[in-house]
Amino acid sequence: MSVAAPKPEVLAAFEAAKGFMPVGEGLALYGAAVEAGVLGLPLLEVGTYCGRSTILLADAARAAGVTAVTVDHHRGSEEQQPGWDYHDPETVDPALGVMDTLPLFRRTLHTAGLEDHVIAVVGRSPQVARIWNSPLGLVFIDGGHTDEHATADYEGWAPHLAEGGLLLIHDVFPDPEDEFTGQAPYRVYLRALASGAFTEISATDSLRVLRRTGAGI
């Protein structure tokens, strides 16, 4: 794995952004993105939220001369809805009364000076994946935490990952406390290993990094 680290101002922007990824996992994400950038292909993230991890992907993409792509419907995952522990009232559109993280995401990228290095796709991951036709150097799965959504993200995007590309899965917890803390991502992670198409190359807390070393998903 790459030992590359983001510049202090990039790391500061990451830490200042609204989101849930800890610094240690962020550094591992950045190192993987720098390594994948060598392939000269886009780096894609499923699950944008307010753009915390997108900052690191975008900076790695900028250095490699490629583009970061981030896919999200911006209405929030299940665990981010009102009444759940991960809900943030600041993400609610006061006019509609529903979550809308898109304005916060755009503010995050603008503040970090990375807007020109990111394509933000607003839509549901499976729908976008069905019309996607380009190979990818990195796929970072960090969307919904139900089996339905995590499995759909994997089945939709893993086929687009190029040989030698990196598959990253976030919130992998072998012993989750509840349905939304990593049970579904853990099962997707196990499926990827069992497929024979991926080889694990690193684990940093709840972030797993696998390399495509064979065909299939």
Side-chain angles (χ1 to χ4, degrees), residues 1-2 4 6 21 25-49 51-74 105 109 114-144 149-172 184-185 188-189 191-204 207-217:
M1 282 295 296
S2 170
M21 175 172 273
E25 292 178 352
L27 293 175
L29 169 65
Y30 184 82
V34 169
E35 181 173 338
V38 174
L39 296 175
L41 299 170
L43 314 176
L44 185 135
E45 166 187 61
V46 180
T48 312
Y49 193 52
R52 183 177 172 93
S53 55
T54 314
I55 289 174
L56 300 178
L57 289 178
D59 189 62
R62 173 172 60 183
V66 300
T67 299
V69 181
T70 185
V71 181
D72 200 312
H73 51 67
H74 287 280
F105 162 69
L109 278 193
L114 291 166
E115 287 181 299
D116 291 344
H117 305 281
V118 177
I119 295 175
V121 181
V122 181
R124 298 194 174 273
S125 169
Q127 291 177 289
V128 180
R130 280 195 293 270
I131 64 169
W132 189 268
N133 293 311
S134 300
L136 298 166
L138 178 147
V139 170
F140 175 37
I141 297 177
D142 193 21
H149 292 127
T151 299
D153 290 340
Y154 175 71
E155 292 179 348
W157 291 106
H160 299 294
L161 190 62
E163 176 72 20
L166 298 182
L167 172 68
L168 281 66
I169 306 173
H170 194 220
D171 293 328
V172 173
V188 166
Y189 157 74
R191 174 178 170 179
L193 289 179
S195 72
F198 297 96
T199 301
E200 184 170 352
I201 59 174
S202 77
T204 303
L207 181 68
R208 301 294 186 272
V209 181
L210 298 85
R211 188 186 311 280
R212 177 176 283 289
T213 52
I217 61 169

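Quick note: numbers below take in every heavy atom, side chains included, and nothing from hydrogens, waters or symmetry partners.
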State, to 0.1 Å, how close [X] and [Y] come at their nearest heavy-atom pair, and which atoms those are.
| X | Y | answer |
| --- | --- | --- |
| F105 | A120 | CE2-CB, 3.5 Å |
| S125 | D153 | OG-OD1, 2.7 Å |
| A61 | A68 | CB-N, 3.7 Å |
| L29 | M21 | CD2-SD, 3.9 Å |
| A158 | I217 | CB-CG2, 3.6 Å |
| A192 | L167 | CB-CD2, 4.1 Å |

Pairs meeting criterion salt bridge (charged side-chain N to carboxylate O under 4.0 Å, His left out) with involvement of residues 114-124, two or more places apart
none

What salt bridge (charged side-chain N to carboxylate O under 4.0 Å, His left out) pairs are there with at least one residue in residues 54-69, not counting sequence neighbours?
D59-R62

What residue among T70, L57, V69 forms side chain to side chain contact (heavy atoms under 4.5 Å, CB included) with V118?
T70

Could you go through residues 130-141 and list every donor-acceptor pair under 3.5 Å that involves a side-chain atom there, pairing it with any protein atom two or more places apart or in another chain?
residue	atom	partner	partner atom	Å
W132	NE1	S134	O	2.7
N133	ND2	I131	O	3.4

Can you tell me how far [atom2] of [Y] sits from [atom1] of [X], rounded to the nearest 0.5 angstrom?
| X | Y | atom1 | atom2 | value |
| --- | --- | --- | --- | --- |
| E45 | D142 | CD | CG | 6.5 Å |
| L207 | D171 | CG | CG | 9.0 Å |
| L168 | S202 | CG | OG | 7.0 Å |
| L43 | E35 | CG | CD | 11.5 Å |

Go through the structure and list residues passing side chain to side chain contact (heavy atoms under 4.5 Å, CB included) with [X], not counting sequence neighbours.
| X | value |
| --- | --- |
| E200 | Y189, L193, A203, R208, L210 |
| S195 | Y154, A197, F198 |
| V128 | V71, V121, W157 |

Is it the case that the side chains of T199 and T213 hold a donor-acceptor pair, with the cut-off being a distance below 3.5 Å and no angle test?
yes

For R191 and E155, what are the C-alpha separation, side-chain angles and deciding distance, and is it a side-chain contact (heavy atoms from CB on, under 4.5 Å)?
CA-CA 11 Å; R191 174 178 170 179; E155 292 179 348; 2.8 Å; yes

Below 4.5 Å, heavy atoms only, C-beta onward: do I55 and P6 meet side chain to side chain?
no

So does G165 get a backbone contact from the side chain of R212, meaning a donor-acceptor N/O pair under 3.5 Å?
no

Charged N to carboxylate O below 4.0 Å: is that the case for R211 and E163?
no

Run the side-chain contact (heavy atoms from CB on, under 4.5 Å) check on V209 and T204 step by step: do they pass?
CA-CA 9 Å; V209 181; T204 303; over 6 Å; no

Chi angles and distances behind the side-chain contact (heavy atoms from CB on, under 4.5 Å) call for T67, H117
CA-CA 5 Å; T67 299; H117 305 281; over 6 Å; no

